[in-house]
*Asks:* 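Encoded as structure tokens, here's the structure I'll be asking about.
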Amino acid sequence: MFKFQSFPRTATVFPALFKRTNHHQSLPQLQNATTIVETLTLLLKQRQKLSQISQIHARITTHGLSSNTSLVFAIVRCYISEKNLSFARTSFDRCLYPSLLLWNVIIQAYSKKQNCQESFNLFRQMLALEDGSRPDKYTFTFVITSCSQQNTPIYGDIIHALVIKFGCESDTFVCNSLLNLYSVFGKMEEARIVFEEMPQKDVVTWTSFLSGYTKHGKMDRAVELFNKMPERTEVSWTVMISGFVGMGMYTDAIHYFNCMLSDDTVKPNEAILVCVLSACAYLGALDQGKWIRSYVENIETLKSANISTALIDMYAKCGKIDCARSIFNGSSKRDVFTWTSMISALSMHGLGEDALRVFSQMSNEGIKPDDITLLGVLNGCSHSGLVEEGCSVFDKMESIWGISPMIQHYGCMVDLLGRAGQLERALEFVRRMPIEPDIVIWRALLSSCRIHRNVKLGEQIIDYISQSDPCGQGGGYVLLSNLYASLGRWDKVDGVRKQMNDKNIELRTGCSWIEVNGIVHKFVSADKLHPRITEIHQKLNQVLKKARTEGGYITNTNPVLFDLSNEEKEQAVSWHSEKLAVAFGLLSTHSGTPIMIVKNLRICDDCHSAMKAISRVFSREIIVRDRSRFHSFREGICSCKDYW
DNA sequence: TAACCAGCTG
């Protein structure tokens, strides 16, 4: 139960900073108390640097003015604008009777720092003071905003009650913050009540309500609301577009972006472009991505680290690693995200040595890596067979960079060792892991067993998983099916299928995308929806026939889950979405044009062999980006050197 | 005073 507690306002010990120093001589000579206050207030109103603020602060202290409301307010504001919240807090704590304005300023400062706990604590202190200030619309706006930045929904109901108690329930700013708070935590019924009862709604009201739907994947409701909005800002468009991206509805995201461009009232901002670039990256929509690059090149304010990061990611995921490098080399503003984006880009292209080089350059420039950076580095080592280099990075994670490995880092390590054929070492690594291995870890190990034909270990792992947790997570079922199928144990495959049916778990459908003349075409396995599907099927049959007779392609039916006849299996793998996409690519582009395909799952053995043969027979570069990395097929050889 | 965005193991 929530209780307001009394918080003693004890003065904190002043740091040594406030000792008298020679610098004081540069300040004007002060006469009497009024003059002192006026002079110091005037000085603080001019924008001062931190060292000067400290000098003035020292002077305030030596004159016994630490509790002077207007001076403390000025000094707190100065410290906050210099981003020194701890000095601001020290000054605040010295003030015995803070004004409402001072409370608001300090609460807002913690809110901006995303320190909800502290801004809420201060709010409670404020309420607990017997003769203290009463919160106003500003106080509520700041406190509610800080609560909405939390990970867990706390204090919402209490604050709503207090908003009513203190008569702020008709203020637009307060209600917008409340509406946003409910929206953030998906409490859409409460949000709706606030929305409907608001006497005056503005565009922020509508956008906050809209974000509740988009953040929680209710895109139908969001579209409905968006269509009703009397006015839209670039933030409203960002909310819609990022909602689509969050739900994996990338083509819708790009469609909305194009609609926004035809609406003259708003211009794309950084947030929108970053969202759209991530949609382009996912779809491999290079033309749309390039358009954004040329757009930002003419606008100085859009040349940011965030945009560079998104452009690097987009180019890399569209197969253009050299363009990604050129963005990186040309970007003057780089942060840890930009570096990580470049490292991950090189890693997914199988350029592990380059990724390590960039990582070392990053360290030399004094940029501290974070957990995702190291994931990128380890991933690069794993895809390039750099076993010892990867192990060395992993061993240094805690001691050098102070980063505790997460399950993802362990996953990379298992993959690194297993893929290189060091299965025993990988298994030992899993046994020694301080955290419980998840299905992904087992999957990495199993995938290595399959690559290195270690049926015995594969079966042991499968037995272990089945006993300990019969694939509590959906992905595990697919893994089991695939492995049993590759071992020809169709009775077991049937059993897994039955369990999946019983638990209503659906297989994730394989999809591939290909962009032709700026339009993204999507294919699912055994697609029937594409308008030119009959023509595509005919083309695919011809292509595969030629690949067999002239390219030495032999159908590998292992990836097929079910116990079908050989002929049926052959047909099942023939309709894989990436094969349909490549047939469409050959049908709709001029000879010699590279074909770029994006797949949502990993490419199967059979499609990998087929792509090699097709690249040779048709003299085409075929780039397939699968869930895990890039495969660039040229003249019958893949850039992954069959190491995947 | 309030609403929006990035790099991610198998």
Side-chain angles (χ1 to χ4, degrees), chain A residues 104-105 107-108 111-112 136-145 148 171-181 183-184 202-212 214-215 233-243 245-246 268-278 281 304-314 316-317 335-345 347-348 369-376 378-379 382-383 405-416 418-419 438-448 475-476 478-479 601-602 627-629:
Chain A
N104 286 347
V105 162
I107 289 173
Q108 185 194 27
S111 165
K112 282 194 170 159
D136 68 354
K137 57 186 183 174
Y138 292 93
T139 327
F140 279 116
T141 304
F142 303 142
V143 174
I144 297 168
T145 303
S148 64
D171 180 74
T172 307
F173 281 80
V174 173
C175 289
N176 283 347
S177 315
L178 256 183
L179 180 52
N180 186 54
L181 179 69
S183 293
V184 163
D202 62 11
V203 68
V204 179
T205 316
W206 284 86
T207 308
S208 298
F209 194 29
L210 183 73
S211 75
T214 60
K215 279 195 184 113
T233 61
E234 69 279 7
V235 181
S236 329
W237 285 96
T238 315
V239 166
M240 279 311 280
I241 293 170
S242 72
V245 171
N269 62 10
E270 185 191 276
I272 293 176
L273 296 173
V274 166
C275 281
V276 178
L277 281 171
S278 82
S304 65
N306 285 351
I307 293 279
S308 300
T309 304
L311 279 173
I312 291 166
D313 185 51
M314 181 279 294
K317 288 182 178 159
D335 59 13
V336 64
F337 292 94
T338 322
W339 286 91
T340 304
S341 184
M342 190 66 239
I343 291 169
S344 307
S347 297
M348 75 178 83
D370 66 10
D371 47 350
I372 313 290
T373 319
L374 296 177
L375 209 50
L378 292 176
N379 199 19
S382 149
H383 286 297
M406 305 179 299
I407 193 85
Q408 290 95 328
H409 298 97
Y410 287 103
C412 269
M413 287 304 288
V414 174
D415 189 51
L416 172 85
R419 205 189 279 268
D438 65 357
I439 196 69
V440 179
I441 300 273
W442 292 119
R443 191 176 188 164
L445 206 50
L446 274 168
S447 158
S448 306
V478 181
L479 167 73
L601 306 174
R602 293 203 69 173
R627 217 187 137 164
S628 149
R629 60 166 296 154

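Residue numbers begin at 1 in each chain, while the letters A, B, ... track the order of the sequences.
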*Asks:* In terms of side-chain heavy atoms of Val235(A), which of dC4(B), dA2(B), dG10(B) is nearest?
*Replies:*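 Selected nucleotide (nearest to the side chain): dC4(B).
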*Asks:* Select one nucleotide: of dG7(B), dA3(B), dA2(B), the one nearest the side-chain heavy atoms of Phe337(A).
*Replies:*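 The answer is dG7(B).
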*Asks:* Using the side-chain heavy atoms of Cys275(A), tell me which of these nucleotides is nearest: dG10(B), dC5(B), dT1(B).
*Replies:*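 So the nucleotide nearest the side chain must be dC5(B).
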*Asks:* Within the side chain of Thr238(A), is there an N or O that forms a donor-acceptor pair under 3.5 Å with the backbone of Glu234(A)?
*Replies:*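 Yes, because the side chain of Thr238(A) sits within donor-acceptor range (under 3.5 Å) of the backbone of Glu234(A).
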*Asks:* Cys412(A) has a side chain; which of dA2(B), dT9(B), dG7(B) sits nearest to it?
*Replies:*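 So the nucleotide nearest the side chain must be dT9(B).
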*Asks:* Can you tell me whether the side chain of Asp370(A) and the base of dG7(B) have a donor-acceptor pair closer than 3.5 Å?
*Replies:*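 Counting by modelled atom types and ignoring angles, a donor-acceptor contact under 3.5 Å is found here.
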*Asks:* Can you tell me the distance, in whole Å, between the CD atom of Glu270(A) and the P atom of dG7(B)?
*Replies:*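 Rounding to the nearest Å, CD of Glu270(A) and P of dG7(B) are 13 Å apart.
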*Asks:* Closest to the Asn180(A) side chain: dC8(B), dT1(B), dC4(B)?
*Replies:*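 Selected nucleotide (nearest to the side chain): dC4(B).
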*Asks:* Look at the side chain of Arg627(A) and the base of dG10(B), then say whether one donor and one acceptor between them are separated by less than 3.5 Å.
*Replies:*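 Yes.
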*Asks:* Round to the nearest Å and state the distance from Leu446(A) atom CG to dT9(B) atom C1'.
*Replies:*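 From Leu446(A) CG to dT9(B) C1': 15 Å.
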*Asks:* In terms of side-chain heavy atoms of Gln408(A), which of dA6(B), dG7(B), dC8(B) is nearest?
*Replies:*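 Among dA6(B), dG7(B), dC8(B), the one nearest the side chain of Gln408(A) is dC8(B).
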*Asks:* Hey, does Asn269(A) reach any base, or is it just sugar-phosphate, or nothing, if we go heavy atoms under 4.0 Å?
*Replies:*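 The answer is base, as Asn269(A) lies within the cut-off (heavy atoms under 4.0 Å) of a base atom.
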*Asks:* Whole-Å distance between dT1(B) C1' and Ile144(A) CD1?
*Replies:*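 Rounded to whole Å, this separation is 11 Å.
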*Asks:* Any side-chain heavy atom of Thr207(A) sitting closer than 4.5 Å to one from Ser211(A)?
*Replies:*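 Of all side-chain heavy-atom pairs linking Ser211(A) with Thr207(A), none is under 4.5 Å.
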*Asks:* Looking at every strand, decide which applies to Thr205(A) at a 4.0 Å heavy-atom threshold: base, sugar-phosphate, or nothing.
*Replies:*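 Nothing, no nucleic acid heavy atom in range.
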*Asks:* Has the side chain of Thr340(A) got a donor or acceptor atom sitting under 3.5 Å from an opposite partner on the base of dG7(B)?
*Replies:*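 Answer yes: a donor N or O sits under 3.5 Å from an acceptor.
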*Asks:* Need one value for Ala271(A): base, sugar-phosphate or nothing, where a base atom within 4.0 Å counts as base even if backbone is also close, heavy atoms only.
*Replies:*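 Answer is base: heavy atoms of Ala271(A) come under 4.0 Å of a base.
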*Asks:* Does some side-chain heavy atom of Leu378(A) sit less than 4.5 Å from a side-chain heavy atom of Leu416(A)?
*Replies:*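 A side-chain contact under 4.5 Å is absent here.
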*Asks:* If we only count heavy atoms from C-beta on, is the Trp442(A) to Leu445(A) side-chain gap below 4.5 Å?
*Replies:*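 Yes, close enough: below the 4.5 Å cut-off.
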*Asks:* What is the separation between atom CE on Met314(A) and atom P on dG7(B), rounded to the nearest whole Å?
*Replies:*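 It works out to 13 Å between those atoms.
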*Asks:* Give one of base, sugar-phosphate or nothing for Asp202(A), where a contact means two heavy atoms less than 4.0 Å apart.
*Replies:*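 The answer is base, as Asp202(A) lies within the cut-off (heavy atoms under 4.0 Å) of a base atom.
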*Asks:* Distance check: side-chain N/O of His409(A) vs OP1/OP2 of dG10(B), anything under 4.0 Å?
*Replies:*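 It does not, given that no N or O in the side chain of His409(A) lies less than 4.0 Å from OP1 or OP2 of dG10(B).
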*Asks:* Just checking Phe142(A): base, sugar-phosphate only, or nothing, at a heavy-atom cut-off of under 4.0 Å?
*Replies:*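 Answer is sugar-phosphate: Phe142(A) comes under 4.0 Å of backbone atoms only.
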*Asks:* Tell me: CG of Leu277(A) to C1' of dA6(B), nearest whole Å?
*Replies:*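 Those two atoms, CG and C1', are 10 Å apart.
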*Asks:* Report the C-alpha distance between Asn180(A) and Ser183(A) in whole Å, list the side-chain angles of each, state the deciding distance to 0.1 Å, and finish with yes or no for side-chain hydrogen bond (donor to acceptor under 3.5 Å, both in side chains).
*Replies:* CA-CA 5 Å; Asn180(A) 186 54; Ser183(A) 293; 5.4 Å; no
*Asks:* For Asn306(A), report the nucleic acid contact type (base, sugar-phosphate, nothing); a contact means any heavy atom under 4.0 Å.
*Replies:*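 Base contact - Asn306(A) has a heavy atom under 4.0 Å of at least one base atom.
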*Asks:* Expressed in angstrom and rounded to an integer, what is the separation of Ile307(A) atom CD1 from dG7(B) atom C1'?
*Replies:*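 Answer to the nearest Å: 14 Å.
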*Asks:* Hey, does Val204(A) reach any base, or is it just sugar-phosphate, or nothing, if we go heavy atoms under 4.0 Å?
*Replies:*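 Base contact.
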*Asks:* So what does Thr373(A) hit on the nucleic acid, given a heavy-atom distance under 4.0 Å: a base, only sugar-phosphate, or nothing?
*Replies:*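 It contacts base atoms.
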*Asks:* Quick one: label Ile407(A) by what it contacts on the DNA or RNA (base, sugar-phosphate, nothing), any heavy atom closer than 4.0 Å.
*Replies:*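 It contacts base atoms.
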*Asks:* Taking CZ from Arg419(A) and C1' from dT9(B), how many angstroms apart are they, rounded to a whole number?
*Replies:*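 Result: 11 Å.
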*Asks:* Nearest to the side chain of His383(A), which nucleotide is it out of dA2(B), dA6(B), dG10(B)?
*Replies:*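 Nearest to the side-chain atoms of His383(A), counting from C-beta on, is dG10(B).
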*Asks:* Within the 4.0 Å heavy-atom criterion, would you say Val174(A) contacts the bases, only the backbone, or no part of the nucleic acid?
*Replies:*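 Nothing, no nucleic acid heavy atom in range.
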*Asks:* How long is the straight-line distance from OG1 of Thr309(A) back to CG of Asp313(A), given to the nearest 0.5 Å?
*Replies:*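 Going from CG on Asp313(A) over to OG1 on Thr309(A), the span is 8.5 Å.
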*Asks:* For a quick check of understanding: with a heavy-atom distance under 4.0 Å over all strands, which category does Ser211(A) fall into, base, sugar-phosphate or nothing?
*Replies:*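 Here Ser211(A) touches no strand at all.
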*Asks:* Where the side chain of Thr205(A) meets the backbone of Asp202(A), is there a donor-acceptor pair that is under 3.5 Å apart?
*Replies:*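 Side chain of Thr205(A) to backbone of Asp202(A): a pair is present.
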*Asks:* Please tell me if Lys112(A) has a side-chain N or O lying less than 4.0 Å from either OP1 or OP2 of dT1(B).
*Replies:*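 Lys112(A) to dT1(B) OP1/OP2: no side-chain N or O under 4.0 Å.
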*Asks:* What's Ser208(A) touching, base or sugar-phosphate or nothing? Going by heavy atoms closer than 4.0 Å.
*Replies:*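 Since only primed, P, OP1 and OP2 atoms lie under 4.0 Å of Ser208(A), the category is sugar-phosphate.
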*Asks:* Could you give the CD1-to-C1' distance, from Ile372(A) to dT9(B), as a whole number of Å?
*Replies:*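 The distance from CD1 of Ile372(A) to C1' of dT9(B) comes to 10 Å, rounded to the nearest Å.
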*Asks:* Which is true for Glu234(A) with a 4.0 Å heavy-atom rule: it touches a base, it touches only sugar-phosphate, or it touches nothing?
*Replies:*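 Here Glu234(A) touches no strand at all.
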